[in-house]
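The structure appears right after this line, and notes come after that.
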Amino acid sequence: MTVLESNIADHIVKSVEKELGNIYFFNHIAVIEFNEGVHIDINSSAEFFDELKTTFGDSRPFGVVTNRIHSYSVKLMDIDLFRAKVKNLSGYAVVGHNSASLMNAEIENNFCERTKVNFDNLYEAMDVVYNEVKKNIILTLN
């Protein structure tokens, strides 16, 4: 299910279409839906990082949910470079919708610092990411 087909579509604050895919912004979360067959690495995704930085700045905690509705590749060796570009990223999740995307999400999970980032449900992923962001918002305020 795409974000636009979900019950949360009415809560989208802003959406941006890029060559690699679409970003849907909510108050504290960005949901990314990459296009079929694209390759994600630190260089190809620069415009996505620019959008995240424009929307959330350098210090406001936020989360990202990658909704794997299409098949695409990720250069896993760039994970540390991705993290360095968005130091205020507080939560991350990958949603898989079929056996291949769930397997890829599981592989991505092995490269992330959090214990679980892979989900098979968009709503659960958003809830978990939002709770991570909320913890960091409270810490930022203190």
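Note that the numbering runs from 1 along the sequence shown for the chain.
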Subject >> Minimum-distance pair of heavy atoms, taken over all atoms of H70 and N35 >> reply: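 Nearest heavy atoms, H70 then N35: CB-C, 3.9 Å.
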**OP:** Quick one: closest heavy-atom pair of N136 and S90, and the distance?
**Re:**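 Scanning both residues, the minimum pair turns out to be ND2-CB, 3.1 Å.
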Grouping I, L, V, M, F, W and Y whenever their side-chain heavy atoms are under 4.5 Å apart, do [X] and [Y] come out in a common cluster?
X	Y	value
I29	V3	yes
F26	I69	no
V64	F56	yes
I23	I40	yes
V117	L76	yes

Distance (rounded to the nearest 0.5 Å) between [X] [atom1] and [Y] [atom2]:
X	Y	atom1	atom2	value
D58	L52	CG	CG	11.5 Å
M126	E124	CE	CD	13.0 Å
F34	K18	CZ	NZ	12.5 Å
D78	K85	CG	NZ	10.5 Å
E51	N22	CD	CG	11.0 Å

Counting N and O atoms only, with roles assigned by atom type, does the side chain of [X] sit under 3.5 Å from a partner on the main chain of [Y], one being a donor and the other an acceptor?
X	Y	value
Y24	L4	no
S45	F48	no
D41	M77	no
D127	Y123	no

Subject >> Working for side chain to side chain contact (heavy atoms under 4.5 Å, CB included), residues L122 and I8 >> reply: CA-CA 10 Å; L122 179 62; I8 58 173; 4.2 Å; yes
Looking at side-chain heavy atoms only, is the closest gap between [X] and [Y] below 4.5 Å?
X	Y	result
V74	F82	yes
S44	L20	yes
T66	Y92	yes

Original post:
Hey, is K53 close enough to D50 for a salt bridge, meaning N to O under 4.0 Å?
Top reply: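 Salt bridge absent between K53 and D50.
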**OP:** Start with the C-alpha gap between M1 and V95, add the side-chain angles, then the distance that decides, and say whether side chain to side chain contact (heavy atoms under 4.5 Å, CB included) holds.
**Re:** CA-CA 10 Å; M1 158 181 40; V95 180; over 6 Å; no
Original post:
Between V129 and F119, is a side chain to side chain contact (heavy atoms under 4.5 Å, CB included) present by the stated rule, with each step listed?
Top reply: CA-CA 11 Å; V129 168; F119 297 88; 5.7 Å; no
Subject >> Check: E33/N67 side-chain N/O donor and acceptor closer than 3.5 Å >> reply: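 Distance-only check passes for E33 and N67.
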Original post:
Cut-off 3.5 Å, side chains only: do N27 and H11 have a donor facing an acceptor?
Top reply: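 The criterion, which ignores hydrogens and geometry beyond distance, is not satisfied for H11 and N27.
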Original post:
Taking the six-membered ring where the residue is Trp, are the ring centres of F62 and F25 under 6.0 Å apart?
Top reply: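 Here the rings of F25 and F62 have centres that are no less than 6.0 Å from each other.
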Subject >> Within 6.0 Å of CD in E36, more than 12 heavy atoms from elsewhere >> reply: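 Yes.
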Subject >> Test log, rule side chain to side chain contact (heavy atoms under 4.5 Å, CB included), inputs V86 and F49 >> reply: CA-CA 8 Å; V86 285; F49 288 107; 3.7 Å; yes
